[in-house]
Amino acid sequence: MKVLEIAPPWVATDLLNSKDDPRAMPLPEFIAETIKVLGTDEQEVLVERAKPLRNNVGPNEGAFVTQFNEMLSKPA
């Protein structure tokens, strides 16, 4: 059995009223990139916009997450 992880970034959907927020990744773009990666042997399905979040582990992770959350709480 093979288990895949799909790690989305902030995607423009009806969730959290982000559908019209320009900072969120457009849903069609997310779907297209996800389908492309699903056609490979990758074990983690990660679109380009999610890579900075995924790759920022370590001592600065907390500050990065705090900055990201503050950005989300401000109006577009």
Between CD1 on residue I31 and CG on residue L38, distance to nearest 0.5 Å: 11.5 Å
Check: T13 side chain, S18 main-chain N or O, donor-acceptor pair, under 3.5 Å: no
Are K51 and E48 close enough for a salt bridge, meaning some N to O gap below 4.0 Å? yes
Can R49 and E29 be said to form a salt bridge (Lys or Arg N to Asp or Glu O under 4.0 Å), step by step? CA-CA 10 Å; R49 284 196 191 193; E29 183 181 324; 3.8 Å; yes
Minimum-distance pair of heavy atoms, taken over all atoms of P26 and A12: CA-CB, 4.3 Å
Report whether L27 and L46 are members of the same hydrophobic cluster (ILVMFWY, side-chain heavy atoms less than 4.5 Å apart, transitive linking). no
Ignoring hydrogens, what is the shortest heavy-atom contact between R23 and W10? Give both atom names and the distance. CB-CZ3, 3.7 Å
Residues E44 and V37: closest non-hydrogen pair is O-CG1, 4.1 Å
Same cluster for V47 and I35 if Ile/Leu/Val/Met/Phe/Trp/Tyr side chains link at under 4.5 Å? yes
